[in-house]
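One structure is given below, encoded as structure tokens.
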Amino acid sequence: MKSFRERVLVVVSSIPKGHTATYAQVAAKAGNPKAARAIGTIMRKNFNPLIPCHRVVRSDGTVGEYNRGGPGAKTKLLHTESATLRHS
DNA sequence: TAGTTGACCGGAA
DNA sequence: ATTCCGGCCAACT
């Protein structure tokens with residue numbers, strides 16, 4: 001039984017290139033559909049290069065936040081990976 | 001232990 | 001369509 005944040009990191013790292021997942025989706029896959037907010041709390045602190053946190057977006061389709069150069073860098077990365085981004 | 005914070009979500013006004 | 005409010009969860013102080 002690993003910690004919730006361990007599972008979250010695994011789930012996020014499992015996101016295929018060119019594919020995005022919502023925080024709620026990641027939370028649900030980690031085992032807590034309602035822990036979408038906690039995902040942000042975890043990611044914000046535990047950012048490591050093996051975790052493509054930039055592929056995690058909000059349910060609205062907006063990129064959300066990013067601690068690695070701001071939302072702009074995140075959007076740029078997604079665009080680079082040809083991820084299906086939604087126009088806010 | 002308890003209280004505050006925050007990369008969120010969904011519903012109501 | 002946009003803005004406001006409450007709720008839910010994990011981490012930090």
Side-chain angles (χ1 to χ4, degrees):
Chain A
M1 185 56 178
K2 294 152 75 68
S3 297
F4 185 72
R5 51 160 226 150
E6 290 278 322
R7 284 183 292 225
V8 171
L9 294 174
V10 172
V11 172
V12 175
S13 63
S14 304
I15 302 174
K17 175 174 174 284
H19 215 274
T20 55
T22 68
Y23 289 94
Q25 189 62 65
V26 174
K29 215 158 175 50
N32 282 18
K34 303 186 289 308
R37 198 165 201 175
I39 304 296
T41 309
I42 295 165
M43 303 301 262
R44 183 162 69 80
K45 281 293 273 162
N46 295 61
F47 176 11
N48 84 68
L50 310 192
I51 311 295
C53 4
H54 58 271
R55 291 183 193 160
V56 185
V57 298
R58 295 181 48 148
S59 306
D60 302 89
T62 50
V63 291
E65 280 294 315
Y66 198 50
N67 67 350
R68 199 67 171 162
K74 187 172 176 178
T75 308
K76 190 149 80 170
L77 280 163
L78 288 169
H79 187 265
T80 302
E81 300 192 342
S82 304
T84 53
L85 253 75
R86 183 176 297 283
H87 200 272
S88 59

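All values reported here derive from a predicted model rather than from experimental measurement. The basis for the numbers below is simple: all heavy atoms, side chains too, and nothing from hydrogens, waters or symmetry mates. A, B, ... follow the sequence lines: proteins, then strands. Residue 1 opens every chain.
- Taking CZ of A:Phe47 as the reference point, atom CG of A:Asn67 lies at 5.5 Å (rounded to 0.5 Å).
- At the heavy-atom level, A:Arg58 lies under 4.0 Å from the strands shown only through sugar-phosphate atoms.
- Protein atom CG of A:Asp60 is 8 Å distant from nucleotide atom C1' of B:dC9, rounded to whole Å.
- Atoms CD1 and OH, from A:Ile42 and A:Tyr23 in turn, are 11.5 Å apart once rounded to the nearest 0.5 Å.
- Among pairs with a residue in residues 6-22 of chain A, those fulfilling salt bridge (Lys or Arg N to Asp or Glu O under 4.0 Å) read A:Lys2-A:Glu6, at least two apart in sequence or across chains.
- The side-chain heavy atoms of A:Leu50 and A:Ser13, taken from C-beta on, include no pair separated by under 4.5 Å.
- A:Val56 and A:Val63 fall into different hydrophobic clusters, where Ile, Leu, Val, Met, Phe, Trp and Tyr are joined by side-chain heavy atoms under 4.5 Å apart, directly or via other members.
- Taking the side chain as every heavy atom from C-beta outward, A:Val12 and A:Met43 approach each other to under 4.5 Å.
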Could you list the protein-to-nucleotides 10-12 of chain B atom pairs, N/O on both sides, closer than 3.5 Å?
none

Q) Which nucleotides of nucleotides 8-13 of chain C have their base under 4.0 Å from a protein heavy atom (B), which only their sugar-phosphate (S), and which neither (-), written as one string 5' to 3'? A) BBBSS-
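- To the nearest 0.5 Å, the span separating NE2 on A:His54 from OG1 on A:Thr20 amounts to 10.5 Å.
- In this entry the distance linking OH of A:Tyr23 with C1' of B:dC9 reads 13 Å, nearest Å.
- Between A:Arg55 atom CZ and A:His19 atom NE2 the span is 10.5 Å, to the nearest 0.5 Å.
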